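If you're wondering where the values come from, they're calculated on a predicted model, not measured in any experiment. Positions are given from 1 along the sequence.
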Amino acid sequence: MTMEQLESDDRYAEYHEPKVPFCFLWLYNHFIELYNFSGESVTWTNIQSYCIMRNIKFTQIELDYILKMIGWSSSQMAKMRNEQE
């Protein structure tokens, strides 16, 4: 089964990544890398370390979006844990 078939199959809809608008793709990719680097618990220290490691300086609005993404990911993980129980 190809990736396109998996993405179009409704049985696997809960595993699909969200459709990210192109203008946010750069920031979303950094968020995913930061999230994987931090292990589900993203702190200010993790963000600062990531910025130093990748030589990136996020703007205030980018940090605000990253914080919203962290909130979204935490709520999704809690939802998945509740469904599993």
How long is the span from the [atom1] atom in [X] to the [atom2] atom in [Y], to the nearest 0.5 Å?
| X | Y | atom1 | atom2 | answer |
| --- | --- | --- | --- | --- |
| Ile66 | Leu27 | CD1 | CG | 4.5 Å |
| Leu34 | Met53 | CG | CE | 8.5 Å |
| Ser74 | Met69 | OG | CE | 13.0 Å |
| Arg81 | Gln76 | CZ | CD | 12.0 Å |

Would you mind reporting whether [Y] and [X] have side-chain heavy atoms less than 4.5 Å apart?
| X | Y | answer |
| --- | --- | --- |
| Arg54 | Glu33 | yes |
| Ile32 | Asn36 | yes |
| Phe58 | Ile56 | yes |
| Tyr50 | Ser38 | no |

Check for me, please, whether Trp72 and Trp26 land in the same ILVMFWY cluster - side-chain distances under 4.5 Å, paths through other members count.
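No, no single cluster joins them.
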
Do you reckon Ile52 sits in the same ILVMFWY cluster as Leu63, going by side-chain contacts under 4.5 Å, direct or chained?
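No, it is not one cluster - the side chains of Ile52 and Leu63 are not joined through contacts under 4.5 Å.
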
Counting neighbours of OH on Tyr28 that are heavy atoms of other residues, nucleotides or ligands and sit closer than 6.0 Å, is the number greater than 12?
yes

Hey, are Ser49 and Asn46 close enough side-chain-wise for a donor-acceptor pair under 3.5 Å?
no

Minimum heavy-atom distance Lys57-Glu62, with the two atoms named:
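Distance-wise, the nearest heavy atoms are O-OE1, 4.2 Å.
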
Checking side-chain contact (heavy atoms from CB on, under 4.5 Å) for the pair Tyr35/Ile70: CA distance, chi angles, key distance, verdict?
CA-CA 8 Å; Tyr35 186 81; Ile70 291 167; 5.7 Å; no

